[in-house]
2 protein chains.
Amino acid sequence: MAMSGQANYARPVTAHGTDRPLPLSVDRTSPVPLYFQLAQQLEAAVEQGRLAPGALLGNEIDLAARLGLSRPTVRQAIQTLVDKGLMVRRRGVGTQVVHSQVRRPLELSSLYDDLEAAGQRPATTVLRTMTEPATAEVAAALGVAEGSEVHLVERLRSAHGEPVALLRNHLPPGLVSLRTEDLEATGLYRLMRAAGITLHSARQSVGARAATAGEGRALEEEAGAPLLTMERVTYDDTGRVVEFGSHVYRAARYAFEFQLLVRP
Amino acid sequence: MAMSGQANYARPVTAHGTDRPLPLSVDRTSPVPLYFQLAQQLEAAVEQGRLAPGALLGNEIDLAARLGLSRPTVRQAIQTLVDKGLMVRRRGVGTQVVHSQVRRPLELSSLYDDLEAAGQRPATTVLRTMTEPATAEVAAALGVAEGSEVHLVERLRSAHGEPVALLRNHLPPGLVSLRTEDLEATGLYRLMRAAGITLHSARQSVGARAATAGEGRALEEEAGAPLLTMERVTYDDTGRVVEFGSHVYRAARYAFEFQLLVRP
DNA sequence: GCGTCGCGTTTGTCAGGACAAACGCTTGAC
DNA sequence: GTCAAGCGTTTGTCCTGACAAACGCGACGC
């Protein structure tokens with residue numbers, strides 16, 4: 001490989017080890033931000049293997065010149081991919097694609113969406129919807145006064161006709177109207193989004209315990225069978241608590257998978 | 001509140017509702033980046049309640065002028081806090097502190113560090129360290145050939161004299177020297193970091209199952225007792241797999257807590 | 001042979017400016 | 001009274017330019 005200079009420095013972005021440069025371009029007439037267009041194209045290239053793991057991205061200045069962009073814009077695009085864990089920057093070396101299967105971090109997802117994405121055809125049976133006075137635990141989680149009225153929803157989530165999870169949710173009053181037909185047609189999070197609530201973050205606790213007799217009956221397990229438990233408090237973007245969920249999953253049918261990144 | 005203009009627009013950063021501005025300053029002689037200094041001060045103010053939830057941060061231009069910084073630098077500082085979920089930006093409104101208890105996202109942490117941080121005084125007993133041929137499952141996780149030699153470590157982790165978890169780790173050969181005295185004095189991740197390995201990300205799966213007879217004996221539970229299980233594949237920053245762990249936790253003694261953020 | 005120095009490369013940080021888009025409030029018309 | 005338009009505010013995006021710090025490699029001296 002004859003190169004003019006001395007050291008073997010980073011070559012431009014090439015497709016899978018060849019010297020053919022990756023086709024990258026941005027559309028300035030599009031309302032999509034330029035940095036976002038570039039980030040999407042790079043991410044697609046990584047996912048499709050056109051940018052091999054370990055491949056160097058070529059320096060930011062050249063990349064910017066090639067695309068007719070400024071360096072900050074290119075940096076912003078790369079930064080979003082670094083934040084996702086797809087790439088690593090190294091001063092004096094360059095930016096390279098991280099080796100191997102790095103999946104996306106777990107999103108704030110609903111079980112319904114998870115199952116649907118896995119092609120499992122989720123179904124929901126509403127067991128109860130009612131309004132009741134908040135217990136101490138529920139009041140603390142929702143940030144309301146103990147004894148004040150809150151909504152309770154109990155649902156059984158199944159996939160392929162087999163029960164997967166028992167879902168108990170408490171909600172502060174007046175946020176969403178909980179109609180049984182809506183709850184059985186889709187997930188709770190979709191209903192909230194449809195009601196104009198912007199979900200922001202959630203605090204989860206995942207543990208395990210033995211099934212009670214009632215849980216066993218609902219989930220078609222024996223009493224004492226191991227269950228995976230999840231408690232979640234969800235906040236919207238103004239910091240309000242919008243939901244407190246206490247869910248139990250059949251251990252044989254469900255596990256939480258997620259990706260952790262070290263914050264640099 | 002007499003203001004010159006018409007609408008009640010964002011006031012400057014004030015301490016807890018008063019009109020006393022927050023003391024913010026940067027040290028240009030410090031090697032710490034300016035944006036980082038500012039981010040730290042703002043984060044500390046939020047944590048100490050000097051910046052109340054919902055408080056507006058005042059517009060970026062004024063803030064930059066007050067600190068003698070440029071707007072991009074101020075934006076970079078704020079952006080890190082937005083990424084952490086501490087603040088929310090809204091165009092035409094301003095940046096405000098998110099309400100209430102938003103904790104940090106779960107870091108790629110070791111059980112040892114978790115317990116130590118919780119003041120639990122962890123102790124480790126090494127049950128086995130050996131080298132063995134990789135099974136199909138282990139080989140797939142570590143990315144080595146089936147049957148090639150890999151290290152295996154089995155440890156019992158206790159807190160306050162009571163067993164908490166049974167830890168089985170497989171490691172590719174030649175990465176770290178696994179001496180029993182080191183393993184009992186600290187956690188595996190610390191040993192890796194000390195060996196010059198930069199941890200980058202991990203893929204985890206959390207589930208539940210019933211304890212086997214052997215697990216029951218080790219953890220002082222009965223066979224069939226519910227256990228929390230965690231499998232983890234850890235990568236360093238070059239994408240190498242550095243560890244594959246299969247851990248079981250006593251359900252009564254441990255749960256995973258973490259914070260999820262919605263990616264905008 | 002081997003370690004050290006220097007140099008070029010590349011990313012990290014920071015400045016200052018400009019225009020566009022979203023938001024909330026006020027004003028005005030009906 | 002109610003709804004629409006207008007306007008100022010604030011963040012979002014993008015540009016150009018500059019210097020500093022870390023890294024890897026070759027060249028040099030021993």
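First the proteins, then the strands, lettered A, B, ... as listed; each starts at 1.
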Please list, chain by chain and in numerical order, all residues satisfying side-chain contact (heavy atoms from CB on, under 4.5 Å) with [X], sequence neighbours excluded.
{"X": "Pro172(B)", "answer": "Leu142(B), Leu175(B)"}
{"X": "Glu231(A)", "answer": "Glu137(A), Phe244(A), Ser246(A)"}
{"X": "Ala64(A)", "answer": "Val74(A)"}
{"X": "Ser70(A)", "answer": "Pro72(A), Thr73(A)"}

With sequence neighbours excluded, residues passing salt bridge (charged side-chain N to carboxylate O under 4.0 Å, His left out) with Arg91(B):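 Partners of Arg91(B) under the salt bridge (charged side-chain N to carboxylate O under 4.0 Å, His left out) test: none.
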
Near-strand residues of residues 25-39 of chain B, defined as heavy-atom separation under 4.0 angstrom from DNA chain D: none

Residues in contact with DNA chain D, drawn from residues 68-78 of chain B - heavy-atom cutoff 4.0 Å: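 Those residues whose heavy atoms fall under 4.0 Å from DNA chain D, taken from residues 68-78 of chain B in numerical order, are Arg71(B), Arg75(B).
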
For [X], all residues meeting side-chain hydrogen bond (donor to acceptor under 3.5 Å, both in side chains), sequence neighbours excluded:
{"X": "Thr198(A)", "answer": "none"}
{"X": "Thr180(A)", "answer": "none"}
{"X": "Glu181(B)", "answer": "none"}

Closest contact, heavy atoms only, Gln37(A) versus Val26(A):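 Smallest heavy-atom distance, with atoms named: OE1-CA, 3.4 Å.
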
To the nearest angstrom, how far is [X] atom [atom1] from [N] atom [atom2]?
{"X": "Gln96(A)", "N": "dG24(D)", "atom1": "CD", "atom2": "P", "result": "10 Å"}
{"X": "Arg91(A)", "N": "dC23(D)", "atom1": "CZ", "atom2": "C1'", "result": "9 Å"}
{"X": "Leu56(A)", "N": "dT10(C)", "atom1": "CG", "atom2": "P", "result": "9 Å"}
{"X": "Asp62(A)", "N": "dT10(C)", "atom1": "CG", "atom2": "P", "result": "7 Å"}
{"X": "Leu57(A)", "N": "dT11(C)", "atom1": "CG", "atom2": "P", "result": "8 Å"}
{"X": "Ile61(B)", "N": "dG8(D)", "atom1": "CD1", "atom2": "C1'", "result": "14 Å"}
{"X": "Arg90(A)", "N": "dT10(C)", "atom1": "CZ", "atom2": "P", "result": "15 Å"}
{"X": "Glu60(A)", "N": "dG17(D)", "atom1": "CD", "atom2": "P", "result": "17 Å"}

Arg89(A) side chain near dG12(C) phosphate (N/O to OP1/OP2, under 4.0 Å):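 Yes, within the criterion.
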
Phosphate contact (dT10(D) OP1 or OP2) by Thr95(B) side-chain N/O below 4.0 Å: no

Between the first and last five pairs of the helix from dG1(C)-dC30(D) to dC30(C)-dG1(D), the angle of the axes, rounded to 10 degrees: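 It works out to 10° between the end axes.
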
Between Glu243(B) and Tyr235(B), a side-chain donor and acceptor under 3.5 Å: no

Salt bridge (charged side-chain N to carboxylate O under 4.0 Å, His left out): pairs with one or both residues in residues 51-64 of chain A, sequence neighbours excluded: Glu60(A)-Arg71(A), Glu60(A)-Arg75(A), Glu60(A)-Arg89(A)

